[in-house]
Amino acid sequence: MSRADLIRIALAGTVGFFGFGALIAPLYAQKMDRITVALAEDIRGLDPRRERDGMSDEAHIHVVEGLVAYSDTLEVVPVLAKSVETSDDGRVYTFTLRDGVKFHNGAPLTSEEVKWSWSHLNAEDSIWRCKAVFEGPIKVESVEAPDAATVVFTLAEPSGSFLYNLARTDCAQTPVLHPDSVADDGSWRKVIGTGPFTLGERRIGEYVDIHRFDDYQPSDEPASGLAGKKEALVDHVRFSVVSDQAARTVGLRSGDIDVALITAESVQQIEADPKLRVATAPTTVWYSLLLGVSDPLLEDVRIRKAIAAAIDIDAVAQGVSFGQWSGSSTPVSPSSSIYEEPADAPYSIEKAKALLAEAGYAGQPIKIMANKAYSQMFDQAVIIQAMLQQVGINATIETLEWGLQLEHYSKGTYQAQSFGYSGRFDPMGAWERIVGPEPRKVWQDPEAIELLNAGMKATDTARMKDISNQLYAKFVEEVPAVSLYHVQVAYGVSDRLQGFDASPLEAIRLWNVSVK
């Protein structure tokens, strides 16, 4: 049976067709000085310590900046800081601020606003997502402002992950705000940042507008990720809420929408339209088959290796992405600074059968947990089931509600799970997803945990890469999971835009983008 036949049989009946539904939110006639972006959901808000979420980030990153941010190579580089120095003991980080930066109210950026912003984010009543990180694993003892251009963070213990966490997008990039963002009574007023755009009108459930900040002071460094030179080349950007995928496609094709996130299934349709193009980038979102190493059957590493040998990861990746993606045998994304091209995945039907015979496998069932809330998890489970059955493994699928599957994942109570992990930009975060003593971590090997801890403390990229390579070698030998692929993000883009690119940070960036 060919690979194409296997995918076609495995996916039969699991992939439907999207109909063209009504537009969920109103679209507005295009203007030459405006870019319109379609969001799948409304933003929660732009108060970083209470309301932000992933959808809010699309507007937030244009309005607010932090001391540092991620580049497209997932390295942390200065943004509002022009330099960062680390003490020899790894506990003290000294940031020197860029000259000439202004807030949207015209006030100059100084170290006092940085210190105030840190206190605001970490106040007692704050539910800032990363508050616990800087109170626990990376405890910040003090933040000082010895002069207007200098900010000093002192940690309780050295941590190579401090800057990576400071730059996290789900931490809202640890934003630097002007105190006027908050009213005298402590209530949130409006976001006043330093970004290339200012916040405009918001209609809940419909849209949020941002406008060019004429006094923005761009960096001299090349643009990359959320850092470097940013220039607002249009007057106005509107983020419109269009929750239906078919409606987003219609809007792109009609010209009402300039940019929209699209599914892998939609890529060929968008590419066929001469007025549109597709922008893609690899991400750190990782899908895998988790294996319960303490299960009475799967504790035999030969059976786990047989499962890995039976799975053609390229066929899985192409099956769930309609031919758009390739497989990856490592949890580390190709976009990571510590990525190294892995050896070929051990796909071999003959090897799988030989390992099963050596282990004395006698047809015992192996249950794969999956769900239909995340279609890729279910689709890949169907493909994997067919591949395992082809070598004689009695693989079954147990379809659960996502919440129940997650509960089994958190407790470690499963034989196998078809699973996907959200992106991790911290280089060692690729391994932290699966390594650790907690029940939810699929790989609880003491040597792997020791290697991970060393990697989390490392500040040198070469050292982290070496540790990652050691973890990969152990991963292949112990097979706590089978790595399948990294998701590629894809956007449909109007040909009236120039300069728009996709990013592994999964962020729509509209600085340095112009309209023809």
Side-chain angles (χ1 to χ4, degrees), residues 6 10 286-313 315-316 327-331 342-370 377 380-398 400 405 408-421 431 433-452 469-485:
L6 186 60
W286 177 59
Y287 277 68
S288 61
L289 178 70
L290 307 183
L291 301 176
V293 297
S294 60
D295 176 78
L297 181 61
L298 296 185
E299 66 180 358
D300 189 329
V301 71
R302 294 171 296 185
I303 294 181
R304 302 199 303 272
K305 285 185 174 182
I307 291 172
I311 298 174
D312 183 342
I313 62 174
V316 176
S328 176
S329 64
T330 172
D344 291 338
Y347 173 58
S348 169
I349 291 175
E350 293 74 18
K351 181 179 179 180
K353 290 180 176 179
L355 283 165
L356 291 171
E358 182 183 331
Y361 176 70
Q364 300 95 319
I366 294 177
K367 185 186 298 180
I368 303 170
M369 289 184 181
M377 292 189 204
Q380 72 186 23
V382 173
I383 300 172
I384 289 169
Q385 180 190 31
M387 291 176 173
L388 297 185
Q389 289 175 344
Q390 190 177 21
V391 301
I393 294 174
N394 182 13
T396 63
I397 296 176
E398 182 180 19
L400 303 175
Q405 181 181 345
H408 281 285
Y409 161 78
S410 298
K411 294 178 179 178
T413 53
Y414 56 86
Q415 276 189 302
Q417 279 210 19
S418 178
F419 205 76
Y421 290 90
W431 293 107
R433 289 183 280 206
I434 61 172
V435 177
E438 303 91 338
R440 65 185 172 85
K441 300 296 178 69
V442 70
W443 198 12
Q444 299 174 22
D445 176 76
E447 290 185 10
I449 293 172
E450 185 177 348
L451 281 169
L452 175 67
N469 290 341
Q470 293 180 58
L471 282 166
Y472 177 70
K474 284 182 64 65
F475 179 79
V476 171
E477 282 302 309
E478 298 182 15
V479 200
V482 179
S483 176
L484 299 174
Y485 55 88

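We're numbering straight along the sequence, starting at 1. All values reported here derive from a predicted model rather than from experimental measurement.
Of the possible polar contacts, none joining the Q444 side chain to the V293 backbone as a donor-acceptor pair under 3.5 Å is found. When atom types are taken as modelled, the side chain of S483 and the backbone of S328 share a donor-acceptor pair closer than 3.5 angstrom. Side chain of Q415 to main chain of K367: a donor-acceptor pair is present (N/O by atom type, distance under 3.5 Å, no hydrogens or angles).
Taking all atoms of both residues into account, the shortest heavy-atom contact from Y347 to A310 is CE1-O, 3.7 Å. The shortest heavy-atom contact between G436 and I449 is C-CD1, 3.6 Å. The heavy-atom pair separating S288 from Y421 by the smallest distance is OG-CE1, 4.0 Å.
Taking P439 as the reference, nothing meets the side-chain contact (heavy atoms from CB on, under 4.5 Å) condition, with sequence neighbours excluded. Scored by the side-chain contact (heavy atoms from CB on, under 4.5 Å) test, E438 finds R440, K441 as partners (sequence neighbours excluded). With sequence neighbours excluded, the residues that form a side-chain contact (heavy atoms from CB on, under 4.5 Å) with Q385 are Q389, A395, I397. For Y287, there are no side-chain hydrogen bond (donor to acceptor under 3.5 Å, both in side chains) partners, not counting sequence neighbours.
Annotation: side chain of I384 is in contact with side chain of L484 (closest heavy-atom distance under 4.5 Å). Two residues are said to be in side-chain contact when any heavy atoms from C-beta on lie closer than 4.5 Å; T330 and W431 meet this criterion. The shortest side-chain heavy-atom distance between M387 and V316 falls under the 4.5 Å cut-off.
Atom CD1 of I383 is separated from atom CD1 of I313 by 13.0 Å, given to the nearest 0.5 angstrom. Distance check, rounded to the nearest 0.5 Å: NZ of K474 to CD of E447 gives 4.0 Å. For the atom pair Y409 OH and M369 CE, the distance stands at 14.0 Å (nearest 0.5 Å). For the atom pair CD of E398 and CD1 of I368, the computed distance is 11.5 Å after rounding to the nearest 0.5 Å.
Counting non-hydrogen atoms of neighbouring residues, nucleotides and ligands closer than 6.0 angstrom, the CD atom of Q364 exceeds 12 such neighbours.
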Side-chain polar contacts of residues 296-308 - donor-acceptor pairs under 3.5 angstrom, sequence neighbours left out - could you list them?
{"unit_1": "D300", "atom_1": "OD1", "unit_2": "R302", "atom_2": "N", "d": "2.9"}
{"unit_1": "D300", "atom_1": "OD1", "unit_2": "R302", "atom_2": "NE", "d": "3.1"}
{"unit_1": "D300", "atom_1": "OD2", "unit_2": "R302", "atom_2": "NE", "d": "3.4"}
{"unit_1": "D300", "atom_1": "OD2", "unit_2": "R302", "atom_2": "NH2", "d": "2.9"}
{"unit_1": "R302", "atom_1": "NH1", "unit_2": "E358", "atom_2": "O", "d": "3.2"}
{"unit_1": "R304", "atom_1": "NE", "unit_2": "E478", "atom_2": "O", "d": "3.0"}
{"unit_1": "R304", "atom_1": "NE", "unit_2": "V479", "atom_2": "O", "d": "3.1"}
{"unit_1": "R304", "atom_1": "NH1", "unit_2": "L298", "atom_2": "O", "d": "2.7"}
{"unit_1": "R304", "atom_1": "NH1", "unit_2": "E299", "atom_2": "O", "d": "3.3"}
{"unit_1": "R304", "atom_1": "NH2", "unit_2": "E478", "atom_2": "O", "d": "2.6"}
{"unit_1": "K305", "atom_1": "NZ", "unit_2": "E477", "atom_2": "OE1", "d": "3.1"}

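Judged as a salt bridge (charged side-chain N to carboxylate O under 4.0 Å, His left out), not a single pair has a partner in residues 346-357 (not counting sequence neighbours).
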Test side-chain contact (heavy atoms from CB on, under 4.5 Å) applied to Q405 and Y414, step by step: CA-CA 9 Å; Q405 181 181 345; Y414 56 86; over 6 Å; no
Run the numbers on W443 and L471 for side-chain contact (heavy atoms from CB on, under 4.5 Å), then give the verdict. CA-CA 11 Å; W443 198 12; L471 282 166; 4.2 Å; yes
Between D445 and F475, is the side-chain contact (heavy atoms from CB on, under 4.5 Å) condition met? List the steps. CA-CA 10 Å; D445 176 76; F475 179 79; over 6 Å; no
For the pair I434 and W286, evaluate side-chain contact (heavy atoms from CB on, under 4.5 Å) and give the outcome as yes or no after the intermediate values. CA-CA 11 Å; I434 61 172; W286 177 59; 3.6 Å; yes
